[in-house]
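What follows is one structure encoded as C-alpha cells, with my remarks underneath.
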Amino acid sequence: MLDTLHRIVSAVNKAPDLQKALSVLVNAVKEAIASDVCSIYLVDDASRSNVLMATVGLHVKAVGKVRLPMGRGLVGLVAERAEPVNVADAPAHPRYVRITDTGETRYRGFLGVPIIQNRRVLGVLVVRQVEMREFQDEEVTFLFTLAAQLAGAITHARASGELDALTTGTESINRFLAGQGGNAGVAIGTAVVSYRQSDLQSVPDRKVDDPDAECVRFQRAVAQVGEDLRRLQARLGEQLPTEDQALFDALLLMLESETLLLQTEEAIQAGLWAPAALRDTIATHAQIFDEMDDRYLRERGSDVRDLGRRILTHLEHDQPLPAEYPQKTILVGEEISAMQMAEVPPDSLAGVVSAKGSNSSHAAILARAMGVPAVMGVAEMPVSRMQGRELVVDGYRGRVYVDPAPTVRSEYERLQAEERALGAEVEEMRGLPSETTDGHIIPLHLNTGLVNEMHAEEQAEAAGVGLYRTEVPFMVRDRFPGETSQFNNYQRVLSAFAPRPVTLRTLDVGGDKELPYFPVTEQNPFLGWRGVRISLQHPEIFLTQVRAMLKADIGLGNLQIMLPMISSVGEVDELQLLIQRAHDELLEEGHAVSMPRVGVMIEVPSAVYQAEELARRVDFISIGTNDLTQYLLAVDRNNPRVADLYDELHPAVLRALRMIVDAAAQFNRPVSVCGELAGNPLATILLVGLGVDTLSMSVGSLLRVKWVVRSISRMRARQLLSVALRMEDAAQVRRLMEASLDELGLGGLIRPGK
Ligand code: PEP
Ligand code: MG
C-alpha cells in the first residue's frame, strides 16, 4: 500500500495542471481500492458549494456541473465534520441526497474523506460501490493518508490554474497568493524568476523570439550530451560489467528518441525557450516510467531526469541568458537567497517573493536592510509560470496579486502614495537625537554586513554598528577568506564609523547559512553545529578572524567583538582565551593591537537562565531575538508551515528579555537588542520600557524607530510594558501595541493609511 501511495502522490505532483492531477488521482484510487467509482469534489468558496471536479465511474458530463451546496448530502457531511464518512448503504442514511445527473443512484457503498490544508477543507475524495460495502479500516486510512498528502499538490495545481483564470478574467478579481509579510511596503513591478542553475524543475517559462535558432541550440546541447555519454562509455568500458554498459546504450537511445526530441522542438516552435520545453518533455517521459509496475523500469525515471539535467547544463553553458532586470524587478523564486538578491542591480530591485522561507529568514532580513517590500512562504505560487507577469507585492499583509485588476492596482498605487507621504514625514527625523520625551537617550545602531553599500547619509544617522554579520564574505568564496582579505573588509567598516563603536560578530555559519566549501549535513541544523560551536572545534578559523579584526582596529580603537550562539559559560571562557592569545601573539609580532571589548549574544534559552554568569564575564550583552524566539517557541524561523507560530511579541520572549536586562543591570553591563525585534516599531515602546540601552537594526528601520522613541516618555513606556508582561498571548500584546501607536498618531508606521 505504501508503494501505491507514493506512486499516486508522485504522479499527482507531476501533473501539469489541476484537471490532469485530479484525473490521475481518481483513476489510481479506483484501482487501488477496487471500487466501482472514485470522484473528487472541491470546495468553491465563491458559490459555497462542493463541485464535482473529476470522476471515474460516474457520468463524465456531470463534471463541473454538479454542485452540492455546503452541508448537503453525504459529501457535505464529510466537509462539515472534516472527518471520513463510511456507510455501507448510502441511500439509507438520513443525510443522503439523490442526485440523478451523475448516475450514482445505483450505488450503495460510500466512503468519503476530507482533503484538508491548514485546517481548511479543500474538498472531498469519494469512493462508491454498487453493492452494500462498508470499507475496511485499512482502506479508510489509505484514503485518509493519501488525502493528507494531496492537499499541497491540489492547492498548487489550483493556484496555477487560477493564474490563467485571473488573466482571462473568469475568476474573482480579488484572488491573491498568500504568504507572510517579509518586509512591510508595497511594490508594483514585473516578475523575474530566479532559479538555481541546473535545476530542471525550477526552470521558469520564458518566451523566445527566434524559435528556429532556439531549436538549433537545443539540438547542439543534445549532441554534446551524446558525445559526453559516448566518451564516458569508452573510458569506463573495460571496467564496467556488461549490464552497466548496457545502461549507457539505453541512455543514448533515450537521448536520441524521436519523442523526446520532437516533443521538445514542438514546444520551442510554439514560442517556449529550450530549458522550459525540455523541463516539460522530461517530466512527461519520467512520469511514464514512474508509473510502471516493474521496479527496475520505474527507476529509469531517474535516468530520464538525469539526461534532462545534462542537456540543461549544456544549454546554460552554451548561451547563458543575459539576466535582464526591468526597471521595477520583483525577484521571484522557490527559495530566494541573499546571494540571488545581491545579483539584481539595487536600483532595479522593487520587491521579493519567495515560495519558501519566512519573515525571519536571512533573505527577509536582507530585504529589510535594502528597504525592499517582501512576501515570504508563498507556498502555492507556481514559480515556473511567473516570469514576466505584473505583480503587486503587499508586504504588510503578505499578499501577492498576479496580473492585478485595474481596481486592485490603483488601490495599491494609492497606498504607495501614502507611503511616500509617510516617508517624507519619517525623513523629518533625520539628524534629530533618539531621545524620549522625558530626556532618555536610546542610541540606535545599525545591523549590517549583508549588503556592502551604504550611503554616507545613512551611516551618519547611526550611533554605531550593533551587529556586523561577517558571514557574507565567507559565503561568496570558494574557500575560507585569508587574514588579509578579512582585514581589509573589517578595516573598511571600522574606519567608516570611527570613533563610533562597531560590533563585529565572529563567524556564525550553520543553521540556514551554509558555506559551499564547508558542507555540514545534519538532520536539525539549527540545533547542530552552528556559530561558536564551529569556532571552538576549528580554532584556526576563529583565530584568523580575530587576528584580522584586531589588526584592523589598530589606530581606531572602536572595535567590539561579539560571540554568537553561546549556550554555556565554558564556551565564553575558552573563546576569551583564544582572543587573548591572538592579541598576545600579534603584540609579539610587533603589531600595536589593544584588547577590544568582548560581548556575547544571548539567543539560546540556556543563556537566558545564565545571563548573570555571562554578564559577569563580558563587557556587553546583545540579544539576538531572531534565534531566541525560534528556540523559546520551538518554531523553525525558516519554516512557512509554522510561521504563524513565530511571534517575537510572545509574552515568553518579553519575559526572557526582562530576565536578561535585570541580570545585566546587576553587573552594570549595557544591553543591546540586535534581532529584528529592535527594528519593529511595534516593539520599540516595550524595549524602551525594559531599559534596553541600545537598539540595533536594519537601515530602513532607523528613522521609524526613532520617531516612536521621540514620541513617548520612558515612564509611559514602563507602564505599557508592565501591562504587556501580564498578558497571556502574543495577539493581546500586539493589539496593545497597535493601540498605543495609534494613540500616538503613529499607526501609519505599521499599517498603511493610518
Ligand atoms: C538573531 O538571531 O537575532 C541575530 C541577530 O542573528 P542572526 O539573525 O544572524 O541569526
Ligand atoms: Mg542569531
Side-chain angles (χ1 to χ4, degrees), residues 182-183 337-339 357-370 374 376 444-451 464-475 502-515 525-535 560-567 571 599-608 611 614 620-639 643 646-650 652-654 656-657 660 671-680 683 687 692 694-699 701 705:
N183 185 29
S337 68
M339 291 307 127
S358 78
N359 177 33
S360 33
S361 306
H362 282 91
I365 294 177
L366 181 57
R368 290 195 279 278
M370 297 170 87
M376 310 293 292
L444 304 185
H445 287 193
L446 266 185
N447 287 354
T448 176
L450 285 177
V451 255
V465 172
L467 166 63
Y468 183 86
R469 290 182 168 96
T470 55
E471 292 79 67
V472 172
F474 283 75
M475 283 155 78
V502 170
T503 314
L504 299 184
R505 178 173 75 180
T506 60
L507 192 61
D508 184 25
V509 287
D512 64 343
K513 288 174 285 189
E514 221 186 291
L515 297 180
F526 276 114
L527 299 182
W529 214 34
R530 278 196 75 176
V532 293
R533 298 173 181 182
I534 297 183
S535 306
Q560 308 200 115
I561 293 183
M562 181 154 82
L563 308 169
M565 271 297 289
I566 295 294
S567 57
E571 292 165 339
V600 287
M601 287 190 75
I602 294 199
E603 46 186 349
V604 174
S606 61
V608 176
L614 291 169
F620 65 92
I621 278 181
S622 190
I623 310 177
T625 47
N626 306 340
D627 279 315
L628 187 56
T629 306
Q630 105 164 321
Y631 294 128
L632 275 179
L633 307 185
V635 181
D636 177 344
R637 62 193 268 189
N638 281 332
N639 184 346
Y646 183 102
D647 200 325
E648 296 165 311
L649 293 179
H650 194 292
V653 178
L654 299 183
L657 296 186
I660 302 167
V671 177
S672 160
V673 173
C674 68
E676 293 302 297
L677 186 71
N680 181 352
L687 297 175
V692 168
T694 55
L695 300 175
S696 191
M697 64 202 72
S698 301
V699 64
S701 302
V705 169

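We count ligands from 1, going down the list as the structure has it; atoms in each ligand are counted the same way. Here the structure is a predicted model, which is why all the values come from computation and not from measurement.
Residue Lys513 approaches ligand 1 through these ligand atoms, each under 4.0 Å from one of its heavy atoms: 9 (O). With ligand atoms numbered from 1 in the order given, ligand 1 contributes 5 (C) to contacts under 4.0 Å with heavy atoms of Leu467. Atoms of ligand 1 lying under 4.0 Å from any heavy atom of Arg637, numbered from 1 in the order shown and given with element: 2 (O), 7 (P), 8 (O), 10 (O). With ligand atoms numbered from 1 in the order given, ligand 1 contributes 3 (O), 5 (C) to contacts under 4.0 Å with heavy atoms of Gly675.
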Checking salt bridge (charged side-chain N to carboxylate O under 4.0 Å, His left out) for the pair Asp508/Arg469: CA distance, chi angles, key distance, verdict?
CA-CA 8 Å; Asp508 184 25; Arg469 290 182 168 96; over 6 Å; no
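For Gln630, no heavy-atom contact with ligand 1 is shorter than 4.0 Å. At a heavy-atom cutoff of 4.0 Å, ligand 1 is contacted by no atom of Met562, backbone or side chain. Contacts between Ile623 and ligand 1, counted as non-hydrogen atom pairs separated by less than 4.0 Å, are absent for every part of the residue. For Arg469, every heavy-atom contact with ligand 1 shorter than 4.0 Å involves the side chain, none the backbone.
Assignment of Met601 to the shell around ligand 1 is supported, since a heavy atom sits closer than 4.0 Å. Within the structure, ligand 1 lacks Glu471 among the residues with a heavy atom less than 4.0 angstrom away.
The set of protein atoms (N, O or S) found at less than 2.8 Å from the Mg ion (ligand 2) reads Glu603 OE1, Asp627 OD2, by chain and number.
Not one N or O on the side chain of Tyr631 forms a donor-acceptor pair closer than 3.5 Å with the backbone of Leu527. With hydrogens and angles ignored, the 3.5 Å screen pairs no side-chain donor or acceptor of Thr629 with any backbone N or O of Glu648. Although no hydrogens or angles enter the test, the distance criterion places a donor-acceptor pair under 3.5 Å between the side chain of Asn626 and the main chain of Glu676.
The shortest contact between atom 6 (O) of ligand 1 and any protein heavy atom is with Arg505 NH1, 2.9 Å.
Side-chain contact between Met562 and Tyr468: absent, with no pair of heavy atoms (C-beta onward) separated by less than 4.5 Å.
For atom 1 (C) of ligand 1, the nearest non-hydrogen atom from the set Asn626, Ile602, Val673, Ile365 belongs to Asn626.
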